[in-house]
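Residue numbers run from 1 in the order of the sequence given. Both ligands and their constituent atoms are indexed starting at 1 by order of listing.
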Amino acid sequence: MIIKSTEFIKSATRPDQYPASLLAEVAFAGRSNVGKSSLINVLVNRKALVRTSNTPGRTQLINFFNINGEFTLVDLPGYGFAKVPLTVKSQWGPMLRTYLETRVNLKAVVMLFDVRRVPREEDIQLLDWLEECGAPTIPVITKIDKISRSQRGKQIKPILEATHLPLEAFSLFSAKTREGMDEIWERIEDAFAVEGN
Ligand SMILES: Nc1nc2c(ncn2[C@@H]2O[C@H](COP(=O)(O)OP(=O)(O)O)[C@@H](O)[C@H]2O)c(=O)[nH]1
Ligand SMILES: [Mg+2]
């Protein structure tokens with residue numbers, strides 16, 4: 001993928017605030033601090049198109065970015081951060097489900113898993129919602145640089161068990177080394193290419 005331009009379009013919580021443009025769209029989902037924003041920045045080769053953070057749980061908006069004037073990347077709000085107020089927590093599910101159910105131009109959702117963490121109930125819940133929404137899921141195990149190559153199999157096993165997905169379903173990624181970037185782009189481009197999806 002050659003990136004010619006990147007532009008923040010807007011933030012939204014409700015469908016009437018989503019961009020009217022129905023360009024092909026790919027969204028990024030996963031718990032707070034898993035590395036969604038970092039993955040997007042690596043994919044578009046920009047240091048800070050999307051703000052990354054050590055204070056997870058802040059982004060409770062759906063953020064839309066236009067790429068090359070051709071398609072849209074969507075940074076979805078994270079979940080699972082203990083310090084987020086309960087009111088915000090209770091809004092997260094409906095906000096996300098509404099987006100997944102109503103966004104007709106959604107072509108794929110990249111779902112991230114931290115290689116060092118065992119998936120929790122919310123992750124599995126989200127996977128179920130993604131399955132229902134009709135757009136294909138692209139599962140990614142990220143922060144792969146944090147563990148040695150020899151530890152990979154052992155670290156990944158709990159993720160495979162919890163998600164019931166085979167190893168081949170996952171792309172392995174590191175925002176630090178950019179390992180896996182080309183493969184994730186290929187999978188996104190494949191999803192864009194599917195007619196009528
Ligand atoms: N070592 C390493 N750190 C990462 C990676 N991806 C994200 N991070 C760090 O994890 C933190 C959260 O990342 P961010 O992209 O803001 O997560 P988000 O909340 O899911 O958007 C930041 O401090 C990032 O620098 C990665 O692949 N490797
Ligand atoms: Mg983020």
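- Counting the atoms of ligand 1 from 1 in the order shown, those under 4.0 Å from a heavy atom of A175 are 5 (C), 6 (N), 26 (C), 27 (O).
- Looking at R31 against ligand 1, only its backbone comes within 4.0 Å, counting heavy atoms.
- Ring-plane geometry between F170 and F113 is classed as perpendicular, the angle between the planes exceeding 60 degrees on a 0 to 90 degree scale with a lower cut at 30.
- Among R178, K143, E179, the residue whose heavy atom sits closest to atom 10 (O) of ligand 1 is K143.
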Tell me, with the steps shown, if E179 and R152 meet salt bridge (charged side-chain N to carboxylate O under 4.0 Å, His left out).
-> CA-CA 14 Å; E179 173 181 348; R152 280 187 184 183; 3.0 Å; yes
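- Distances below 4.0 Å separate heavy atoms of S37 from the following atoms of ligand 1: 15 (O), 21 (O).
- One side chain, R178 or N45, offers a donor N or O that lies under 3.5 Å from an acceptor on the other.
- For ligand 1, one of its N or O atoms has an N or O atom of G35 under 3.5 Å away.
- Among the atoms of S37, an N, O or S atom is found under 2.8 Å from the Mg ion (ligand 2).
- Only side-chain heavy atoms of D145 come within less than 4.0 Å of ligand 1; its backbone N, CA, C and O stay farther off.
- Using modelled atom types, one finds a donor on one side chain and an acceptor on the other under 3.5 Å when comparing S11 with N63.
- In the model, Y79 has no side-chain atom that pairs as donor or acceptor with a side-chain atom of Q125 under 3.5 Å.
- Listed by number with element, the atoms of ligand 1 under 4.0 Å from a non-hydrogen atom of T142 are 27 (O).
- Not one N or O of D75 is nearer than 3.5 Å to an N or O of ligand 1, by distance alone.
- Ligand 1 has no atom lying under 4.0 Å from any heavy atom of G78.
- Aromatic pair F64/F8: centroids not less than 6.0 angstrom apart.
- In this structure, the side chain of W185 engages the main chain of L43 through a donor-acceptor pair within 3.5 Å.
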